[in-house]
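Below: one structure, written as structure tokens.
These values consider heavy atoms only, across backbone and side chains, with no hydrogens, waters or symmetry-generated copies. Lettering follows sequence order; numbering is per chain, from 1. This one's a predicted model, so the numbers in the text were calculated from it and none came from an experiment.
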Amino acid sequence: MGDRSTAAPAGFDADRVCAAAAQMRRDIVTMLEKAGSGHPGGSLSATDIIATLYFGGVLRHDPSDPQMPGRDRFILSKGHAAPALYAALAQDGYFPREWLDTLRKLGSHLQGHPDMRKCPGVEVSTGSLGQGLAVGSGMALGMHRDWARGDSASPAGREPQVFVMMGDGELQEGEVWEAAMFAASRRLPNLVAIVDNNTLQIDGHLDDVVSLGDICAKFSAFGWFTIDLADGNDVVEANEALTRAVAYDAGPVAIVAHTIKGKGVSFMENQVGWHGKAPSAEQLAQALADIDAAAGVAERKGC
Amino acid sequence: MGDRSTAAPAGFDADRVCAAAAQMRRDIVTMLEKAGSGHPGGSLSATDIIATLYFGGVLRHDPSDPQMPGRDRFILSKGHAAPALYAALAQDGYFPREWLDTLRKLGSHLQGHPDMRKCPGVEVSTGSLGQGLAVGSGMALGMHRDWARGDSASPAGREPQVFVMMGDGELQEGEVWEAAMFAASRRLPNLVAIVDNNTLQIDGHLDDVVSLGDICAKFSAFGWFTIDLADGNDVVEANEALTRAVAYDAGPVAIVAHTIKGKGVSFMENQVGWHGKAPSAEQLAQALADIDAAAGVAERKGC
Amino acid sequence: MADTQTQSRPARATREAFGETLVELAEQGLPVVAVDADLAGSTTTKKLGAYDPELLVDVGIAEQDMVGVAAGLSLTGRIAFTGSFAVFGTGRCYDQIRNTVCYGRLNVKVCPTHAGLSVGPDGGSHQMLEDIALMSALPNMRVIVPADYESARSALRLAARVDGPVYVRMGRAKVPQVYDAGCELSLGGSCLLREGTDVTLLACGVEVDQALRACDELAREGVSAEVIDVYSVKPLDEAAILASALKTGRVVTCEEHMLAGGMGSVVASLLSERQPTPMRMVGMRDSFGTSGSFEELLSHFGMDAAAICEAARSLLA
Amino acid sequence: MADTQTQSRPARATREAFGETLVELAEQGLPVVAVDADLAGSTTTKKLGAYDPELLVDVGIAEQDMVGVAAGLSLTGRIAFTGSFAVFGTGRCYDQIRNTVCYGRLNVKVCPTHAGLSVGPDGGSHQMLEDIALMSALPNMRVIVPADYESARSALRLAARVDGPVYVRMGRAKVPQVYDAGCELSLGGSCLLREGTDVTLLACGVEVDQALRACDELAREGVSAEVIDVYSVKPLDEAAILASALKTGRVVTCEEHMLAGGMGSVVASLLSERQPTPMRMVGMRDSFGTSGSFEELLSHFGMDAAAICEAARSLLA
Ligand SMILES: Cc1ncc(C[n+]2csc(CCOP(=O)(O)OP(=O)(O)O)c2C)c(N)n1
Ligand SMILES: Cc1ncc(C[n+]2csc(CCOP(=O)(O)OP(=O)(O)O)c2C)c(N)n1
Ligand SMILES: [Mg+2]
Ligand SMILES: [Mg+2]
């Protein structure tokens, strides 16, 4: 990991992102245990990329002004990973941490799936899989026109970006490919799709349900520039991939991130059964111990 | 064209298929003029392949027994090309030719889009684009299981096939790619998709609306064996492609057939305006003259 | 207000209002954009594209993507209008309209054309007779069913003006003009077209014309029919309907739509809960359409003026 | 027939009936096949796959393809049951159900689970409250809404037995058992659960239990309520409803569904046309659901026994 700090662009602090990711993991398992239902597996696989977006300086946004003009947008198309998003938003100051305790409860801002009308920082409501990339394409198109026309300022001086995170199983939805064709045909320079390629869906391994085969090849054939992110749970690699994707402006970019479902919680990793089940109190204790241990190791290793 | 008769497999009679295609074209333009509305362009581009299926010995079926067990199935997923299907079915003896005069009229067997409950020989009702490949996959799966189990006889001794014809614009529908993933994952050996790649949709050239790019590459990336049919209006080439597709049994096959929209009617060829408009009486006369002239030329050239 | 001399002006289709009104709104500086799915010529959104190519986004034959792209555009401050035919522009993208547009209360106007029997010869697969049911069941959605070209223009202006999801149902059939240019529809409004005392005819869309004809015919028989255009199917003008039902004591609903979930069923629910009143419902009774001309089909399926008269007579019997 | 001693047996979810009944039908030699969309465990179709892997086809997260594949399988002589959650298994594939399954009158049974508020904490995006409206508006579709585990088993057996499209609505919430094993539902049937004279409670699905509780509560207040399970929402048991409405003169409809296009609106239409009767409708009033437990939500949105009692009282006032 010696070359990480050199590979990472200025402004990216791997330690800070790792620590933020660890805190997100703690929050995820804790809120799920409190809620008694929800989706840990796909929240934990996505955590490091979301942490990189929010705490690695990739996403240009302002928690004190969620509707800031010219901001980047993040769409969690795989809305069932809401706990990961809520954990990031809380840690970033979009809303009080206490809200996390209300996840999935009557009257909560934190609905089972992200509700843009109830939770600041949620750019669009999701939960029905397969819809985020189309919405992101429309957003990217509108934002690109505003930018090209000079109607839009960006806090970073670069063109505002739209990041859409999808599950790998989610790619089985045809609407994703409709959106892929559309975005490629319009050569949207500010659209980044991130596939959380944890190889599992609800009913099992993707290859045992309906195989996605080579996901990069599919996006390539649909006219996208693709980046294979070998370890989507490594924040340095994630940052590199996201930075490259932002820089690429000849069209939309798909990052296919190889991740581990349930990452960071020993008994959840690669377990299809932990897709949509809350941990018990004992399991939570074990999960928190796992997360703390990994965070400690990471600290010792300088990450 | 000298090598055509050698290239064609035994049983295939190019002259007969050409003549049948010419008659289909006459029937198509005639019935559309009578109806006063309908879709000539995509009917004419598909005519030669449909003629090859029905009159070239590719499709194993029995007009006197439309529900014959073990028959091949043809699904016209691009249902707006119904006139081409009706012309083939009438010529093949599925129903009296007089029905053609009733196209799109109140009480007709020949609805604006194929209705399986009203017209014998229509395997499944279509009209809403993008649905035929999924239906064909389900059919192919069921038929393959019956065949593998020995529950199904085939009149030809070979495994019964499902042919699904789609428009190129139709491929913009996401459901097509859902079905493509599914069929590939099940390695359906008896499923053949035929893309009528006439390069036009309603609002213009595909490349000006939403480009499909390299269609073969897309099907390849989705796990299909593909055949590029350079001239989908040439019945000999069409027969070769279809014969190869039937023979291939390691998975589903996509034939991408390069065709000319409006083929055979001078003023309709490659004209986007003739997607969904009926010819006037004078235009019909011109169209029939074009078709007859081409048929005469073909006869002289030995096709 | 409405001009009841319906025969004086040329018949026009409601869809003809679409592209024209979008251009007018764009000219007024409203940030409108149309998203269509390979039917920009048929829906007439092409006119907006001719005015400014940037304002028409054609996503190809991909209705789900159409709604998603419109949703995304609305989230950049635009007023996004979707197109396509009613059968595909609602049914093929219902979940997208539900979970992205309505759940998020986005500023998307679902405005397909070619609703109902107006696609005639295309047949039952294309004749959308459930769209009002689909759209009315959706929270946050407003449903407007204009009767003619001028009221369609007003409906589209209204849709642009109010924030959030609106459904405007337009057709392909040329229908006689009922309204004057510059008429103003409102959310939750209705329009009293003929006053009467014996029976109330509540109509929307192309059935307004049929109801007016029925009113004339009934008048010849000595029956005084009140005709109300309930163009705002959701929210419904409950006060006007209750008042008229109280006055006449008999209600006939007239819609070019499936009875299940249609305007008539909403009226029946309202009356049953608030003021039970004998009713007859004119509309499609649980059947697909079929190929034929629009006029043939209206009478074939019992939705023409004659059918309305018969319904009214049976209430008066 | 129904056992009205509802408290004696453990509560079970209607979805639990799905896989089990499919296995039973397969064992009887019926050519059933289930097509699911990455929810085979949740819907319980996995049980059919465990019985014979060939009989469960999992198409992944692709509801449109699910319906298409089921349609194709039905065209090879199989009785095809689709799965998924109600919100996705109807709304995401409405056009496929419409134009392929219903228009072609195919032997496909649309049987998603997790309908209504029963998905509780998942929230409004997942709480399908429009499926009855969507499916009832479709020609050739029959709509069955079973109240409990045993009647869901019967509904599935019925669906397998009748040719053509059938919708069976199942939920995730455990509800007390109302019916005995071996009860027999019929198309167009209903079940009189309690006889009464003052008010008729028409209920379907999970609301049958709530209506029975309301009946008990009303009885304590001296009100005699008749409770009818109108599990066959389409076709509707018109004769039974008209007779009961005539007897009691007051009708309360109870459904865990949007009022627009729901069972109540069909009843309102029937009564308005044939026999106007004062009604109250218990159900969802034009709002999305929200996260919470099933029981909390039933009371939060006014669909519990208390709400039914209140509706009945207001009719009696
Ligand atoms: C349209 C739709 N169909 C089905 C579901 C139910 N569902 C929720 S999560 C999930 C599996 C998602 O798998 P994947 O996309 O791989 O997500 P991850 O592994 O990252 O959790 C399914 C089928 C849904 N939310 N939306
Ligand atoms: C789901 C759906 N959306 C829209 C339409 C309207 N429509 C009919 S034909 C057509 C264009 C088809 O283009 P293509 O598939 O290329 O067919 P072809 O060129 O062979 O006629 C469209 C958009 C439809 N029938 N179905
Ligand atoms: Mg996954
Ligand atoms: Mg084409």
Side-chain angles (χ1 to χ4, degrees), chain B residues 32 34-39 77-80 82 102-119 124-131 166-178 200-212 272-273 275-278, chain C residues 34-46 49 53 56-69 83-93 95-96 114 117 119-128 172 287-301:
Chain B
L32 283 169
K34 274 217 179 71
S37 69
H39 301 83
S77 188
K78 42 172 279 189
H80 59 280
T102 66
L103 175 72
R104 293 177 153 254
K105 301 244 156 76
L106 189 61
S108 176
H109 293 274
L110 307 191
Q111 292 291 297
H113 295 79
D115 183 337
M116 63 182 284
R117 295 295 175 186
K118 293 199 168 135
C119 180
V124 63
S125 302
T126 52
S128 177
L129 291 168
Q131 303 192 17
M166 292 177 285
D168 44 9
E170 185 178 6
L171 301 185
Q172 290 157 348
E173 283 289 354
E175 190 187 355
V176 171
W177 302 101
E178 295 181 0
L200 298 178
Q201 55 188 122
I202 292 184
D203 283 345
H205 197 284
L206 263 77
D207 288 340
D208 297 327
V209 180
V210 167
S211 177
L212 258 289
V272 74
H275 170 84
K277 192 171 68 176
Chain C
V35 188
D36 216 320
D38 199 30
L39 288 165
S42 305
T43 65
T44 77
T45 57
K46 209 172 188 166
L56 171 62
V57 182
D58 196 330
V59 302
I61 312 172
E63 294 78 10
Q64 302 186 107
D65 191 52
M66 173 179 76
V67 172
V69 168
S84 190
F85 290 172
V87 64
F88 310 123
T90 62
R92 190 59 163 264
C93 42
D95 189 41
Q96 286 75 18
H114 295 65
L117 299 170
V119 289
D122 279 338
S125 60
H126 283 56
Q127 290 163 5
M128 186 31 140
R172 183 177 158 278
S287 160
F288 279 106
T290 194
S291 286
S293 76
F294 174 64
E295 291 75 18
E296 279 173 341
L297 296 174
L298 273 189
S299 101
H300 180 76
F301 289 114

Practice problem: Return the option, out of C:G41, C:G60, C:G123, C:A37, with the maximum number of heavy-atom pairs under 4.5 Å with chain B. | Solution: C:G60
Quiz item: Does C:D65 reach the side chain of B:Q172, with side-chain heavy atoms less than 4.5 Å apart?
Solution: no
Quiz item: In terms of heavy-atom pairs under 4.5 Å with chain C, which of B:T126, B:L129, B:L110 leads?
Solution: B:L129
Self-check item: Spatial distance of atom CG (C:D38) from atom CD (B:E170) [nearest 0.5 Å]
Solution: 11.5 Å
Self-check item: Greatest number of heavy atom pairs closer than 4.5 Å to chain C - which of B:S108, B:G169, B:S128
Solution: B:S128
Quiz item: Going through the checks in order, is the side chain to side chain contact (heavy atoms under 4.5 Å, CB included) test met by B:Q131 and C:R92?
Solution: CA-CA 11 Å; B:Q131 303 192 17; C:R92 190 59 163 264; 3.4 Å; yes
Quiz item: Heavy-atom distance under 4.5 Å between the side chains of B:E173 and C:Q64, does that happen here?
Solution: no
Quiz item: Atom CG of B:D203 and atom CD1 of C:I61: how far apart are they, to the nearest 0.5 Å?
Solution: 9.0 Å
Quiz item: Would you say the side-chain atoms of B:Q111 pair up with the backbone N or O of C:S291, donor to acceptor, closer than 3.5 Å?
Solution: yes
Quiz item: Is the shortest heavy-atom distance from the side chain of C:D58 to the side chain of B:V210 under 4.5 Å?
Solution: no
Practice problem: Report the distance from atom CD1 of B:I202 to atom CG of C:L39, rounding to the nearest 0.5 Å. | Solution: 4.5 Å
Quiz item: Quick one: what part of B:H39 sits under 4.5 Å from any heavy atom of chain C, side chain, backbone, both or neither?
Solution: side chain
Quiz prompt | Minimum-distance pair of heavy atoms, taken over all atoms of B:S37 and C:P121 | solution = OG-CB, 3.5 Å
